[in-house]
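See below for the structure under consideration.
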Amino acid sequence: MSKRSGAVMAANLNSKKPKLWSLGLLETMKDPESIVKKSKQVVVIKDKYPKAKIHYLVLPEADINSIYALNKSHVELLEEFGEIFEEIEKEEKLPLKAGFHAVPSMQRLHMHIISTDMVSPCLKTKLHWNSFTTEFFRPYADVLEELKEKGCITKMAPELVQSCKSRELQCNQCSYKPKTMPQLKEHLLTHLKKEEN
DNA sequence: GTTCTAGAAC
DNA sequence: GTTCTAGAAC
């Protein structure tokens with residue numbers, strides 16, 4: 001090992017290198033180009049890499065990292081998420097669903113509002129698919145109910161997270177089980193065309 | 001979260 | 001030979 005690489009390794013061991021990309025939403029929240037609407041406590045932005053025809057994120061202005069930082073004092077805030085969701089449902093023509101990823105990659109609590117077509121060039125990997133179509137996607141209504149009943153949100157068991165991530169591909173609109181992502185994406189187009197007729 | 005790419009799968 | 005997936009990113 002070279003002297004240089006040894007020094008680099010030591011530096012990295014000493015300082016847990018922050019995942020800078022995970023802070024991206026905090027910047028996007030402030031970008032007027034990305035903001036769709038605002039209400040009292042929340043901001044709605046367009047997802048930078050939409051996984052469906054419609055894909056928004058709802059975030060609080062308050063510095064809350066994830067659903068696992070929520071307590072009873074946040075019930076009102078979460079209900080505002082629901083009001084925003086209803087507003088957007090009325091505005092958009094496509095069927096939408098709202099929910100949170102069990103293990104989010106990005107910091108700052110964010111709720112996905114996404115149309116069910118799942119047709120988008122940014123939808124590429126099995127993980128993309130399974131994070132919206134398995135229990136990894138925690139529906140808004142379930143999260144609100146859990147917060148009201150228990151005063152906090154319990155983390156999903158790691159084994160279940162793993163099983164969601166590795167689950168075989170399954171169409172969200174029929175019983176078709178594609179072998180590959182390209183097959184799935186092609187198949188999703190046929191559902192979309194049926195919708196349009 | 002995405003990008004890149006090695007090598008598995010076809 | 002090409003398509004596709006999956007793991008590293010210092």
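Chain naming here is simple, since letters A, B, ... match the order of the sequence lines and numbering starts at 1 in each. Here the structure is a predicted model, which means the values were calculated and not measured. Computed from heavy atoms alone, side chains included, the values below leave out hydrogens, waters and symmetry copies.
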Notebook entry, point to check: Looking at B/dT2, B/dG1, C/dC4, which one has an atom nearest to any side-chain atom of A/P182?
Noted result: C/dC4

Check: Are the aromatic rings of A/H112 and A/F100 close, with centres under 6.0 Å apart?
Finding: no

Margin query: Under 4.0 Å from OP1 or OP2 of B/dT3: is there any side-chain N or O of A/K124 that close?
Written below: yes

Item checked: Value in whole Å for how far the C1' atom of C/dT3 lies from CD of A/E186 -> 15 Å

Check: Under 4.0 Å between a side-chain N or O of A/H128 and OP1 or OP2 of B/dT2?
Finding: yes

Checklist line | Phosphate OP1/OP2 of B/dT2: any A/K51 side-chain N/O under 4.0 Å | finding: yes

Next item on the list: Could you pull out the closest heavy-atom pair between A/Q107 and A/L25, with the gap in Å?
Entry: O-CD1, 3.8 Å

Check: Got a salt bridge between A/K30 and A/E27, using NZ or NE/NH1/NH2 to carboxylate O under 4.0 Å?
Finding: yes

Check: Which whole-number value in Å describes the distance from A/M181 CE to B/dT2 C1'?
Finding: 15 Å

Check: Looking at side-chain heavy atoms only, is the closest gap between A/I88 and A/K37 below 4.5 Å?
Finding: yes

Notebook entry, point to check: Considering every strand shown, what is the Watson-Crick or G-U wobble mate of C/dC10 when both distances are under 3.5 Å?
Noted result: none

Margin query: Nearest whole Å is fine: how far is C/dA6 P from A/K165 NZ?
Written below: 13 Å

Item checked: Distance in angstrom units between A/E168 CD and C/dT5 P, rounded -> 14 Å

Next item on the list: For A/K185 and C/dT3, give me the distance from atom NZ to atom P, rounded to whole Å.
Entry: 16 Å

Item checked: Within-4.5 Å side-chain heavy-atom neighbours: A/M29 and A/E61 -> yes

Item checked: Separation of B/dA9 P from A/L169 CG (nearest whole Å) -> 16 Å

Check: Considering Watson-Crick and G-U wobble pairs with both distances under 3.5 Å, what does B/dG1 pair with?
Finding: none

Notebook entry, point to check: In whole Å, what is the span from the CZ atom of A/F100 to the P atom of B/dG1?
Noted result: 13 Å

Next item on the list: Name the nucleic acid region contacted by A/S22, choosing base, sugar-phosphate or nothing; use a 4.0 angstrom heavy-atom cut-off, strictly under.
Entry: nothing

Check: What integer distance in Å separates A/K48:NZ from B/dG1:P?
Finding: 13 Å

